[in-house]
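So the structure is just underneath, and the comments pick up after that.
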Amino acid sequence: MRILVTGGAGFLGSNLCERLVKDPGNYVYCLDNLQTGRIENIRELMEFPNFEFIQHDIVEPIELTVDQIYNAACPASPPAYQADPVHTMKTSVFGMLNMLELARKHNATVLQFSTSEVYGDAQVHPQPEAYWGNVNPDGIRSCYDEGKRAAETLCFDYHRQYGVKIKVIRIFNTYGPKMDPNDGRVISNFVNQALRGEDLTVYGDGKQTRSFCYVDDLIEGIYRMMNSSDDVTGPVNLGNPGEFTMLELAEEVLRQTGSRSKLVHKELPKDDPKQRRPDITKAKQLLDWEPKVALREGLANTIEYYRGLMERA
Ligand code: UDP
C-alpha cells in the first residue's frame, strides 16, 4: 500500500505516520510544508526504509502514485490558523482540490481530516453528523471553519460527480504526545504553564466545555475509517464524549503535575464555542470504535511527554 499523509509532520499526521510505517507492507510518503509541523515529530521515523519525507505545500499540486491519501494538512490551533487566514483557506480548498485530483487520477481513497469546527457555536448538543452547524462566515475563525466546510463539499462533489472514493471524519479536540508545546491549545498551554510554574491562562470564566480525545484512540478511529468499505463515506464524528469545563481541566492538570501555579482569567477569544461534545453513535455502528483512554490517563502520558521535552531542552 502506497500511502500519502499530508501534514505528516504535524501532531496528528506524525502520530498516524508512526502507526502506518510499522507495517512493512506500507510505503509512507509524509508531506509537510513545516508551517506548524515539526521535524522533531518525525525524526525517528526517518530511520525507516519505508518512510519518505517530502517538504511541500499542498496548495501547489504534486504528482505521486498512491493508493490512500490521509489529508491532515492545515494549521489547526486558533492562533496558528489565524496568523495567515488567507493561506489557511487556501490550504483547505486548493489543498483538498489537489488531493482529490490526485486520488481521481490514481483511483486512490482520500480521507479528509475535517473538524468539529464545522458545527461552529453549536445549538444542538451533543452534535450528531446530521446537524448543519452554526458558523459565522465572516469572523476570525471562519478561515478555518468555512475552509473545512468547503473541503467537505469538494469531497462529496468529487464522489458524486467523478466517483472518487472519499471518507470524511470530523475530529473533536484531541491531545497527547507530539502536540507542539507552543501550539496554543488549552491542554498544551495548561500543562506547560503548570510545569514551568507559570499561571494557567483560563479564557473567560472557564465554564465553557470541550471533550478531549487521547491521540492513540483517535488514530485507531481514523485507521478504521480509512479501511472501512467504500460505501462508508461519512461524515463520521471522532472524539471522546466525556465533557469537561476548562476550570475542571485546569484543576486536574494542577493535581497531576503537583504544580502550585495559580489560575488567571484572560479575555475569551471571539466566537469561542460555549460547549462541544461529539455524538459518536455513527462511529460505534460503522467502525465499531469508541475511545478507551480516560482524560486522567491521557493527561498523565501528555505531562510525561512535555516533561521529557523540557528536560532535553
Ligand atoms: N482556552 C483557555 N486557555 C488557554 C487556551 C484555550 O481557557 O490557554 C480555552 C479556549 O478559550 C476554548 C477552550 O479552551 O474555550 C479550548 O480551546 P482550544 O484552543 O484548545 O481549542 P478550540 O476547541 O477552541 O479549537
Side-chain angles (χ1 to χ4, degrees), residues 7 10-12 36 72 74-83 85 88 91-92 113-122 125-127 133-136 139-149 169-215 218 237-254 257 259 261-278 295 298-299 302-303 306:
F11 166 48
L12 297 180
T36 54
C74 192
S77 98
Y81 70 65
Q82 287 163 17
T88 299
T91 304
S92 280
F113 283 50
S114 191
T115 167
S116 58
E117 286 290 319
V118 301
Y119 301 121
D121 194 1
H125 194 72
Q127 292 85 52
N134 177 36
V135 175
N136 175 358
I140 56 171
R141 293 177 86 102
S142 312
C143 61
Y144 187 72
D145 302 6
E146 297 288 22
K148 289 285 189 178
R149 287 170 68 97
I169 50 163
R170 292 180 177 157
I171 302 172
F172 285 67
N173 296 61
T174 304
Y175 68 100
K178 296 194 173 189
M179 181 182 274
D180 186 343
N182 300 314
D183 177 272
R185 236 83 64 92
V186 67
I187 291 193
S188 50
N189 275 7
F190 282 0
V191 170
N192 284 285
Q193 287 160 345
L195 292 177
R196 288 193 220 107
E198 295 166 4
D199 293 340
L200 271 53
T201 52
V202 176
Y203 300 164
D205 61 10
K207 289 183 184 148
Q208 70 273 36
T209 69
R210 292 291 186 277
S211 300
F212 298 105
C213 186
Y214 187 62
V215 65
L218 188 86
N237 287 338
L238 292 181
N240 190 322
E243 186 178 356
F244 299 87
T245 66
M246 297 312 103
L247 287 175
E248 287 167 334
L249 175 68
E251 272 163 31
E252 184 60 22
V253 168
L254 291 180
T257 52
S259 166
S261 293
K262 303 262 174 303
L263 307 187
V264 304
H265 288 268
K266 296 249 165 118
E267 200 184 334
L268 188 69
K270 205 170 167 305
D271 291 340
D272 198 89
K274 282 177 273 308
Q275 52 178 15
R276 190 186 285 147
R277 172 155 62 104
L295 180 62
L299 257 185
T302 308
I303 291 167
Y306 287 127

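Start at 1 and go down the list; that is how both ligands and their atoms are numbered. Computation of the quantities below employed the complete heavy-atom set of this structure, encompassing side-chain atoms and omitting hydrogens, waters and symmetry-equivalent molecules. Quick caveat, the model's predicted, so the values are computed rather than measured.
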Practice task
For the pair Arg141 and Asp121, find out whether any cationic side-chain nitrogen is under 4.0 Å from an anionic carboxylate oxygen.
Solution key: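 The answer is no: the pair does not qualify as a salt bridge.
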Could you tell me which non-hydrogen atom of [X] sits nearest to which non-hydrogen atom of [Y], and how far apart they are?
{"X": "Leu299", "Y": "Glu252", "value": "CD1-CG, 3.6 Å"}
{"X": "Cys74", "Y": "Thr88", "value": "SG-CG2, 4.1 Å"}
{"X": "Ser259", "Y": "Ala194", "value": "OG-O, 3.1 Å"}
{"X": "Val253", "Y": "Thr257", "value": "O-OG1, 2.7 Å"}

When the side chains of residues 195-207 are checked against the rest of the protein, which donor-acceptor pairs come out under 3.5 Å, sequence neighbours left out?
unit_1, atom_1, unit_2, atom_2, d
Arg196, NH1, Glu198, OE1, 3.1
Thr201, OG1, Gln193, NE2, 3.0
Asp205, OD1, Lys207, N, 2.8

Practice task
Show the numbers, then the answer: is there a salt bridge (charged side-chain N to carboxylate O under 4.0 Å, His left out) between Glu117 and Arg276?
Solution key: CA-CA 9 Å; Glu117 286 290 319; Arg276 190 186 285 147; 2.4 Å; yes
Practice task
Kindly confirm or rule out an N or O of Gln193 lying under 3.5 angstrom from an N or O of ligand 1.
Solution key: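 No, no N or O pair falls under 3.5 Å.
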Handout entry: Polar contact flag, side-chain donor to acceptor under 3.5 angstrom, Tyr119-Asn237
Key =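 Per modelled atom types, Tyr119 and Asn237 side chains form a pair under 3.5 Å.
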Problem - Side chains of Thr209 and Glu243, donor plus acceptor under 3.5 Å - result: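 The criterion, which ignores hydrogens and geometry beyond distance, is satisfied for Glu243 and Thr209.
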Judged on heavy-atom distance to [atom], which of [options] sits nearest?
{"atom": "atom 13 (C) of ligand 1", "options": "Met179, Arg185, Met246, Lys274", "value": "Met246"}
{"atom": "atom 24 (O) of ligand 1", "options": "Arg276, Glu267, Arg141, Gln208", "value": "Arg141"}
{"atom": "atom 3 (N) of ligand 1", "options": "Thr201, Val186, Asp183", "value": "Thr201"}

For [atom], what is the closest protein heavy atom, and at what distance to 0.1 Å?
{"atom": "atom 16 (C) of ligand 1", "answer": "Arg210 NE, 3.6 Å"}
{"atom": "atom 15 (O) of ligand 1", "answer": "Asp272 OD2, 2.6 Å"}
{"atom": "atom 1 (N) of ligand 1", "answer": "Tyr203 CD1, 3.3 Å"}

Quick check on contacts: which atoms of ligand 1 are under 4.0 angstrom from a heavy atom of [X]?
{"X": "Phe190", "answer": "3 (N)"}
{"X": "Asn189", "answer": "4 (C), 5 (C), 8 (O)"}
{"X": "Val202", "answer": "7 (O)"}
{"X": "Pro269", "answer": "11 (O)"}

Which bit of [X] gets closer than 4.0 Å to ligand 1, counting heavy atoms only: side chain, backbone, both or neither?
{"X": "Glu117", "answer": "side chain"}
{"X": "Pro273", "answer": "neither"}
{"X": "Asn173", "answer": "side chain"}

Handout entry: Test item, Pro78 contacting ligand 1 (heavy atom, 4.0 angstrom)
Key =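 So Pro78 counts as touching ligand 1.
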Problem - Step-by-step ring-ring contact (aromatic ring centres under 6.0 Å, His included) determination, Phe244 to Phe212 - result: CA-CA 8 Å; Phe244 299 87; Phe212 298 105; 7.0 Å; no
